[in-house]
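Structure first, commentary second.
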There are 2 protein chains.
Amino acid sequence: MTDDIDQVLIKALMEDSRRSLKALAGISGLSSPSVAERLRRLEERGVLKGYTVEIDPKCFGYQLQAIVRIRPLPGQLQEVERQIQAIPEFTECDKVTGDDCFIARLHVRSMEQLDTLLDGLNTHAETNTAIVKKTPVKRRLPPME
Amino acid sequence: MTDDIDQVLIKALMEDSRRSLKALAGISGLSSPSVAERLRRLEERGVLKGYTVEIDPKCFGYQLQAIVRIRPLPGQLQEVERQIQAIPEFTECDKVTGDDCFIARLHVRSMEQLDTLLDGLNTHAETNTAIVKKTPVKRRLPPME
DNA sequence: AGCACTTGGTCGATGTCGTCGGTCATGGCA
DNA sequence: TGCCATGACCGACGACATCGACCAAGTGCT
């Protein structure tokens, strides 16, 4: 299904998704048309979901990053989910099992902004906020084999 | 510093980082050499930290995704951090303020694997695990302006 | 066993794209 | 005012992606 060569290609693209087909051909030992065909199939099958870019939020003034655990008040689950989606400063959010219904990542420019945003949520939910001090593991791929 | 055109470029690359310079030129209204120069500067300044790829972990058998809060036992902070980094199934980890020292994302193939991995950690830390049921907000950019 | 079909690859021609040098307009600033 | 730095454009050339034709290996059917 996904063989060694596909994994080499995925790994190479993970490192730099703007690599040319020719460069990928060199890395994988195939010709560039073959690489193009493999990428097409990986996309088609949904293994490769997209090509994207990593940016530094600090460059846009987002000095603070927080992980927020969110527990909606009774009957407010839908409303809270909608609110989170509507606040663009929430850059990711998972709905999880356990007492906390949502765990979300929040980027803000200041403590004041953090306070303001969470106050908005607090009419419909309890929140628990942890400020990110450091990121010991940057986003990476789980092992493939 | 970063003007409107840079933001258009970043947004376009966020959607598809394999777009050609020519395509980016069309989107931004510049010529392709100008786009190349802007990208070069954005990289140089660290705004654009890299071009990467989104893959579907399910395609590699990772059926379960969990958010794990980790509180090292007294004196075990360094050791726990090292352990997390060494376990490739942890695909991201933040060191945060509050009772929980680390919040990490874990991809596993089964409940058994989840149990095994956390048992390894539990000799040095208390953990609190929430299984991801759904992802209401996929990774996205905070507002830029 | 032999044949046809499918799958996944190479090769080479062709057109598109990126890059580089040269040039020009604009906006501080001495 | 005149100079320099910045950031853009243009055009030519070399690099790259794409497409069709072809080939080899594995599979299943008669």
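A, B, ... follow the sequence lines: proteins, then strands. Residue 1 opens every chain. Not measured: the values here are computed from a predicted model.
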Query raised in the report: For A/K133, does the NZ atom sit with more than 12 other heavy atoms under 6.0 Å from it, leaving out its own atoms?
Result: yes
Query raised in the report: What is the distance, rounded to the nearest whole Å, between atom CG of B/L9 and atom P of D/dG7?
Result: 14 Å
Query raised in the report: What is the distance from CG of B/D3 to P of D/dG7, rounded to the nearest Å?
Result: 10 Å
Query raised in the report: Is it true that the side chains of A/Y51 and A/E43 contain a donor and an acceptor less than 3.5 Å apart?
Result: yes
Query raised in the report: Do A/S17 and B/T52 get their side chains close enough for a donor-acceptor pair, meaning under 3.5 Å?
Result: no
Report summary line: As a check of understanding: the bend across the helix from C/dA1-D/dT30 to C/dA30-D/dT1, end axes from five pairs, rounded to 10 degrees, works out to 20°
**Report entry** Trace of the salt bridge (charged side-chain N to carboxylate O under 4.0 Å, His left out) decision for A/R45 with B/D56
**Finding:** CA-CA 10 Å; A/R45 284 165 38 208; B/D56 184 358; over 6 Å; no
Report task. Please list, by residue number, the residues of residues 20-50 of chain A whose heavy atoms come closer than 4.0 Å to an atom of DNA chain D; answer none if no residue qualifies. Result -> A/S20, A/L21, A/K22, A/P33
Query raised in the report: Taking B/D6 as the fixed residue, which of B/R38, B/R40, B/R41 is the one that meets the salt bridge (Lys or Arg N to Asp or Glu O under 4.0 Å) rule?
Result: B/R38
Query raised in the report: Should A/R140 and B/E89 count as an ion pair when the cut-off is N to O under 4.0 Å?
Result: no
Query raised in the report: Given the rule in the side-chain contact (heavy atoms from CB on, under 4.5 Å) test, do A/T129 and A/I67 qualify, once you have shown the distances and angles that lead to the verdict?
Result: CA-CA 6 Å; A/T129 304; A/I67 311 285; over 6 Å; no
Check nucleotides 22-25 of chain C against the protein and report each pair of N or O atoms closer than 3.5 Å, with its distance, or say if there are none.
none

Query - Criterion side chain to side chain donor-acceptor pair (under 3.5 Å) against A/E92, the qualifying member of B/R139, B/K138, B/R105 - result: B/R105
Requested in this report: I would like to know whether A/L21 and A/L39 meet side-chain contact (heavy atoms from CB on, under 4.5 Å); could you show each step before the answer?
Outcome: CA-CA 9 Å; A/L21 292 182; A/L39 293 190; 3.9 Å; yes
Requested in this report: For salt bridge (charged side-chain N to carboxylate O under 4.0 Å, His left out), just list the numbers for B/D100 and A/R69, CA-CA rounded to whole Å, side-chain angles, deciding distance to a tenth of an Å, and then say yes or no.
Outcome: CA-CA 12 Å; B/D100 308 306; A/R69 297 174 8 229; 3.5 Å; yes
